[in-house]
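It should be emphasised that the depicted structure is a prediction, and the values quoted were computed from it without experimental measurement. No hydrogens, no waters, no symmetry mates; every other heavy atom, side chains included, goes into these values.
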Amino acid sequence: MNKSYEPPMHWGDHEDIAMALYEKFGDDFNESKIYRIRFTDLIEWVLALPNFEGKREEANEGHLEQIQAKWVYEWRDNNS
C-alpha cells in the first residue's frame with residue numbers, strides 16, 4: 001500500500017481538516033484570527049484541500065464551528 005495515501009476527507013472530519021489547514025497556513029493564523037475567519041472563506045479553503053471530497057452544500061455552521069475549534073487546538077498544540 002502506498003504510504004502517502006490519505007483517505008478522502010468530508011465535512012465531518014473536523015480534526016483532519018483542522019490539521020490540514022494548520023499545515024497549509026502554519027502560524028499565519030493565531031487563536032483569535034482563526035475565530036475571526038469568515039465562514040465563506042473557511043468553506044473555500046476547506047474545499048481547496050487535497051483529498052477533500054465533501055460538497056459545498058453539505059457545509060453547515062456546526063461543521064465550520066467544529067473545524068475552527070479543532071484548528072485552534074492544533075495551533076495551541078504547536079505553539080505551547
Side-chain angles (χ1 to χ4, degrees):
M1 186 171 161
N2 181 349
K3 284 188 177 176
S4 67
Y5 174 76
E6 292 180 31
M9 291 184 287
H10 295 88
W11 287 109
D13 299 321
H14 306 135
E15 200 162 320
D16 293 335
I17 292 169
M19 286 172 38
L21 289 169
Y22 181 76
E23 286 174 19
K24 179 175 182 170
F25 292 105
D27 293 330
D28 291 350
F29 290 93
N30 61 22
E31 184 171 342
S32 63
K33 282 186 177 178
I34 291 168
Y35 280 125
R36 288 199 310 265
I37 294 168
R38 293 192 323 239
F39 283 169
T40 51
D41 291 337
L42 187 55
I43 289 170
E44 295 304 321
W45 297 344
V46 172
L47 289 170
L49 291 172
N51 297 335
F52 187 79
E53 292 188 359
K55 307 257 185 293
R56 179 185 306 274
E57 56 273 12
E58 295 167 343
N60 63 45
E61 196 170 318
H63 285 312
L64 297 168
E65 288 171 349
Q66 283 295 311
I67 291 165
Q68 279 181 317
K70 300 288 189 208
W71 189 355
V72 166
Y73 294 143
E74 188 68 20
W75 181 84
R76 284 181 189 158
D77 283 350
N78 287 279
N79 288 278
S80 56

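Other residues, nucleotides and ligands contribute more than 12 heavy atoms inside 6.0 Å of the CD atom of E58.
Not a single side chain to side chain donor-acceptor pair (under 3.5 Å) links E65 to another residue, sequence neighbours left out. With sequence neighbours excluded, no residue forms a salt bridge (Lys or Arg N to Asp or Glu O under 4.0 Å) with D28.
Smallest separation of non-hydrogen atoms from M9 and P50: CE-O, 3.6 Å.
With rounding to the nearest 0.5 angstrom, the CD1 atom of I34 is 9.0 Å from the CG atom of L21. Atom CG of N30 is separated from atom CZ of F25 by 14.0 Å, given to the nearest 0.5 angstrom. Atoms CH2 and CD, from W71 and E31 in turn, are 12.5 Å apart once rounded to the nearest 0.5 Å. To the nearest 0.5 Å, the span separating CD on Q68 from CZ on R36 amounts to 11.5 Å.
A donor-acceptor pair shorter than 3.5 Å can be found between the side chains of Y22 and D27.
For the side-chain contact (heavy atoms from CB on, under 4.5 Å) criterion with L64, the lone passing option out of I37, T40, I43 is I43.
With ring centers used as reference points, W45 lies under 6.0 Å from F29.
Connection of L49 to Y73 is not established within any shared hydrophobic cluster, with ILVMFWY side chains joined at heavy-atom distances below 4.5 Å, either directly or through further cluster members.
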Between side-chain atoms of residues 13-20 and protein atoms elsewhere (two or more places apart, or another chain), which donor-acceptor pairs fall under 3.5 Å?
| unit_1 | atom_1 | unit_2 | atom_2 | d |
| --- | --- | --- | --- | --- |
| D13 | OD2 | H10 | N | 2.8 |
| H14 | NE2 | W11 | O | 3.3 |
| H14 | NE2 | H63 | ND1 | 2.8 |

